[in-house]
Each structure stands twice: as structure tokens, then as C-alpha cells.
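Quick note on labels: first sequence line is chain A, next is B, and so on, each numbered from 1. Please read all numbers here as calculations on a predicted model, not as lab measurements.
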Amino acid sequence: MAQKPAIPKGTRDFDPDVMARRDYIFSTIKEVFKLYGFEPIETPAMENLSTLTGKYGDEGDKLLFRILNSGDFLSDVKEPDKQSFETLGQKISEKGLRYDLTVPFARFVVQYRNEINFPFKRYQIQPVWRADRPQKGRYREFYQCDVDVVGSDALINEAELVQLVDDVFKRLNINVVTKINNRKVLAGLAEYIGKPEALIDITVAIDKLDKIGIDQVNAELSEKGLSDKAVELLQPVLFMEGSTTEKLDMLEKLIGHIAIGSKGITELRQLFTYLYNMKIAMPVELDLTLARGLNYYTGAIFEVKATDVPMGSICGGGRYDNLTGVFGMPDVSGVGISFGADRIYDVMQNLELFPDKAIQSTQIIFLNFGEKEMTYCLPFLKELRAKGFRVEIFPDAAKIKKQLRYTDQKRIPIAVMAGESEMAANQFTVKQMQSGEQITVDAETLVEKLGESLKDRL
RNA sequence: GUGGUCGUAGCUCAGCUGGUUAGAGCAUCAGAUUGUGGUUCUGAGGGUCGCGGGUUCGAAUCCCGUCUUCCACCCCA
């Protein structure tokens, strides 16, 4: 054999087994999205670089996959432009692979602003690409399942999204905890300690609290230019304990006098009131150290983690007040969240949460005893399929042993056999693969009998 | 992007400080069983030891490069 073929770093092939499980996740998510009134859209895998760059911060820009122009793109490049990566890059690459679904969505909203019926509730399930170093649960090509509402700044949208999250993970049988914070509160805190311009640095640092500990967080804060006094002021927030209401009351005392902080607190109170009335089943915590989220979030921030398995967040999102602004359409507020399908898969696989029906494909197989016998079976295949059963016939008159092995490995629950003797008597032998039990049924009652035995398995 | 780590049959791995023709289990295929699988028995096929170079009489084993895997940082789904 020649050199074995391979796929690029951080990408994966999905075999039928994996696809069945992935489909289960996608269809569950899709179903819930629709229940809340979201409608699907799709956007191209590639966008103009001008659409993508500058939206994800410097780090994000570095992780963009760029697509080389077609043809002899170097011939048009003048010597001076070849001197730096920056200028050369602009000349030879004008397109890039999408990095997430939110920015293409913002582009979509601006582009079709006159045709869209606001508030626009859309969902989008597509792969995205990041030139990151792969690790476990971190791929260069992965799927995001985004739901967003744009054109409404009502907090009920946030609440409904949390409820939707609850619904999805309840259906997938994954135990999760949702953490909520508000960017305005973080901004209020930054102002409170006298460093409003250091908002990003502060949030990035305190976000690491449970990972690296308080000493390292404080060290990083100092390193970012915060005075000892500023770090000192922040401590009560980092160690804030108690119920959500208690935390909010404490916050009120600290930053209630700061306009933006006060606004954030009011929003949080309203959101948690909605959530209380919605009777959310999963735990929902106010976590003031939650800061992750891209630079464009301006209000609520969400993050969802599985509680039974260590894994990065499997779902995250937030409120962005001006994402469409960069595309020339100001004052459109949106809120959305993104489900990481690949990580959800890893969690479910890890905890063995996929139900049998998620991985079952064919339900009934007709074994092949030869040309005449196959012909005898064909009308029944048609009839069963018309009734919605997933049915196949083994294409070759191979040894029965081989055919049953195929059936077994494909986890098909029922094998139907008809050889010379059954044909002569106008009958079929129906075999339950799991128990090995076999019964003989008349041809007229075959469809009915099969329907009965599969009733519990659908 | 920085630092580290791994790579031997389809899969999981052995292979001592370099030394005959590179092994095992599982999986695959064939037969025992020409109409009965998931258990058993017998046998077979399958590897340029990730790839490229170097050191050596001799390299899976040592060195360099490269690709891939996983890990920490960065960032994130």
C-alpha cells in the first residue's frame, strides 16, 4: 500500500455509528429550538475577510483560517507588499472560513435588514473552523448550534434562552449547571476600583479563579497594572457567598451608586425573577467570576457546564447590544447562545447517555435465500417501508451465517426469513435477534405482526 | 503562537543497554456447521515499526528534521 491517507490536524471523520449519535444530538436540539419559535438559516462556509477580522480580538484574528486567492495570485503583488506578512496577507487572501456563527449572522441581519421580520429568532447549526492547537474537546473543525434573538432588548429573551438550555439538556439527560453573570456588573466593578479601561484584563484574570487560585489571580491583576488598593477592593467580590439574592444585595452596596453597575444589577434581578417563575429544573447560579465570552457581549453572559464529567463549557452565550454596528446598522440588540455539539457528544459518550433508539438504524432485515425467494419478499419490503419501518434486504444470496452476522453487527432487532418451504406455505419465519426466538407467520399477517413486535422499540 | 509529549498489524499494546526472518490479545477472513448470529475449536491473511534524512558492520531501538496525537499556557465550543 502506498502512503496511508490522512486528514488534517484537528479534524475528524464520522462513521455511521458516530453519525447516528450526532444526529440524535442535532435533532434533539433542533426540535427544542423550534419549540421556542426559532427558524433556521445557513450561511456560507467562507466569508470575506473584511467581515471576519477585528470581531474576535487579536487572539481570534490569529485563529482565522484564511483562504488563498485563486490563480497566480502572486504575480499581481508588488515588491513592497511582499515585505511584511500583514500587507502580503491582504493581497493574496480575501476570504476566510467562518470562525463562529454569530458574526456571519450579524452580517446576514444587516444585509437583509429590509426583508427581516423583527424580532428575528433564528437558529443555525453549522461547522466552524479555528486554527487552534487541538486538544481533547478542542477541534479545528467543530459544530456550533446557535440560537439568537435580534431586534429585542427585553430580558424575557434571556430567560427563555435559559429555559431552552434547561429543556435541551433535560432531553439529552445531561446534568448541567448554568452560570450567569452580567457584563455591566463587571464594568461597574472596573469603575468601582478606578480602572474602567482595564475591564477586559480584570475579567480575564478573575475568570481563572477556580482554576489557578486567589493568589495567582491577584498576581495577574497586579501584573496588569492594578494598584494594591484596587486588588484589595476586588477581594469581597471574588469571595462573595450566599444565595443569589444575598449576592445581589451585597453587590448593590458596593457598586449600586455606579450607573452601569446598578443597571447590571437590575437586569440580573429581573432575569432571576423570570427564571424563578419559569421553574427551571437545572441549577442556575450567579457567578461573578464568570467573564468568558467574546469581547462583544454587553449584558448577560451565560455558560453551561456538565456536572458529571470534567470538560470545558458545553454551551455559552450572552447579550450583545451592538454587534451589527460594525456592519453599519447601529442600535440593534441581540442575545444568543451556542451549543457545542462536539463537546456534548464527548460528554454523552463518556457517561454512556445515548439511548438505544439513538443508535439503531435498520429495524427489519429480510435474509436472502436466492433469486426466487427475494422476489417473494419484495412486496413486503415496500409495504413495510410505506408504514415507516426502516427495512432492508441482504443483497446477495450469501451463507445465512454471514447474513445473520451482518444483522447482528448492525444491531438489527428482527430478521425475516423465507426459503423454499416458507414460500411453498405462503409463510415467513420471523427471528428476534436478541432472544433468538423464532415464529412462523402467514404472509397476510406479516406486516401486522412485525408492527406489533416493533411497537416498543420506536 | 510558546513549552512539553506520543506515534510498532484495522484496534489495544509488548519488543531489555542497537544484533538472526518484529510479537501477543482483540478484530478480519476461511473451515468445523451446504437454512441460523452474538459462545467454542482449527487455520489463514495482514506491518517499508508515522514520514524523510543521519550515525553504525548492523536501527523499531541512538541523533536531526517533519507530520500527527495528547498535555500545559494562550484562548475557547
Separation between the C1' atoms of B/rC71 and B/rG10, rounded to whole Å: 27 Å
Rounded to whole Å, please give me the gap between CD in A/Gln438 and C1' in B/rU36. 6 Å
Identify, between A/Tyr143 and A/Leu404, the residue whose nearest nucleotide on RNA chain B lies closer to the 5' end. A/Leu404
Tell me the interatomic distance from A/Gln135, atom CD, to B/rU68, atom P, rounded to whole angstroms. 15 Å
Between atom CD in A/Glu373 and atom C1' in B/rU36, what is the gap in whole Å? 16 Å
Looking at A/Lys399, does any N or O in its side chain come under 4.0 Å of the phosphate oxygens OP1/OP2 on B/rA30? no
Considering residues, nucleotides and ligands other than A/Met46, do more than 12 of their heavy atoms fall under 6.0 Å from its CE? no
salt_bridge(A/Arg411, A/Asp17) N-O dist < 4.0 Å: yes
Which is true for A/Cys315 with a 4.0 Å heavy-atom rule: it touches a base, it touches only sugar-phosphate, or it touches nothing? sugar-phosphate
Counting any heavy atom closer than 4.0 Å, what does A/Arg405 reach on the DNA or RNA strands: base, sugar-phosphate only, or nothing? sugar-phosphate
Which listed nucleotide (B/rG37, B/rC75, B/rC70) is nearest to the side chain of A/Pro134? B/rC70
Kindly point out which of B/rG38, B/rA77, B/rC75 is positioned nearest to the side chain of A/Asp408? B/rG38
If you count the non-hydrogen atoms of other residues, nucleotides and ligands that lie under 6.0 Å from CD in A/Glu197, is the total more than 12? yes
Is the phosphate of B/rU28, meaning OP1 or OP2, less than 4.0 Å from a side-chain N or O of A/Gln409? yes
For A/Phe142 and B/rA77, do the ring centres fall under 5.5 Å apart while the planes stay under 30° apart? yes
Nearest-Å distance for atom pair CZ/P, residues A/Arg138 and B/rG1: 14 Å
Please state how far atom NZ in A/Lys402 lies from atom C1' in B/rU28, giving the value in whole angstrom units. 10 Å
Using atom P of each nucleotide, how far apart are B/rC51 and B/rU61 to the nearest Å? 11 Å
Under-4.0 Å side-chain N/O to phosphate OP1/OP2 contact, A/Lys410 with B/rG37: no
Taking the C1' atom of each, how far is B/rC16 from B/rA9, in whole Å? 23 Å
Distance, P atom - from B/rG53 to B/rU28, rounded to whole angstrom: 37 Å
Integer angstrom distance from the P of B/rC41 to that of B/rG37: 16 Å
Step through it carefully: locate the ring centre of A/Phe394, locate the ring centre of A/Tyr406, and say whether they are under 6.0 Å apart. yes
Quote, to the nearest angstrom, the C1' distance that separates B/rU20 from B/rG58. 11 Å
Test for a donor-acceptor pair under 3.5 Å between the base of B/rG37 and the side chain of A/Gln434, counting only N and O atoms. no
Give A/Gly436 one of three labels, base, sugar-phosphate or nothing, depending on what nucleic acid heavy atoms sit under 4.0 Å from its own. base
Atom OH of A/Tyr139 to atom P of B/rA77: distance rounded to whole Å? 15 Å
Under the ring pair (Phe, Tyr, Trp, His ring centres under 6.0 Å) criterion, do A/Tyr345 and A/Phe354 qualify, and how do the steps go? CA-CA 9 Å; A/Tyr345 179 94; A/Phe354 287 105; 5.5 Å; yes
5' priority, RNA chain B, between A/Thr11 and A/Gly137 [closest heavy atom]: A/Thr11
Tell me if the centroids of the rings in A/Tyr56 and A/Tyr99 come within less than 6.0 Å of each other. yes
So A/Gly419, base contact, sugar-phosphate only, or nothing? Heavy-atom distance under 4.0 Å. base
Gap between atoms CD1 and C1', on A/Ile412 and B/rG38 respectively (whole Å): 14 Å
Under 4.0 angstrom, heavy atoms only, what part of the nucleic acid is A/Gly370 near: base, sugar-phosphate, or nothing? nothing
Aromatic centroids of A/Tyr376 and A/Phe428 separated by under 6.0 Å: yes
Between the side chains of A/Gln124 and A/Thr43, does any donor sit under 3.5 Å from an acceptor? yes
How far, in whole Å, is B/rG7 from B/rG43 if one measures between their P atoms? 33 Å
Answer with base, sugar-phosphate or nothing: what part of the nucleic acid does A/Val204 contact at a heavy-atom distance below 4.0 Å? sugar-phosphate
Please state whether the base of B/rU2 and the side chain of A/Arg133 form at least one donor-acceptor pair under 3.5 Å? yes
Check the distance between B/rG50's P and A/Lys9's NZ and give it to me in whole angstrom. 18 Å
Heavy atoms only, 4.0 Å cut-off, all strands: where does A/Phe339 land among base, sugar-phosphate and nothing? nothing
Base, sugar-phosphate or nothing for A/Glu141? Non-hydrogen atoms, less than 4.0 Å. nothing
Using the P atom as the reference point in each nucleotide, state the distance between B/rG4 and B/rU48 in Å, no decimals. 32 Å
Taking 4.0 Å as the cut-off, does a side-chain nitrogen or oxygen of A/Lys62 come that near to OP1 or OP2 on B/rC74? no
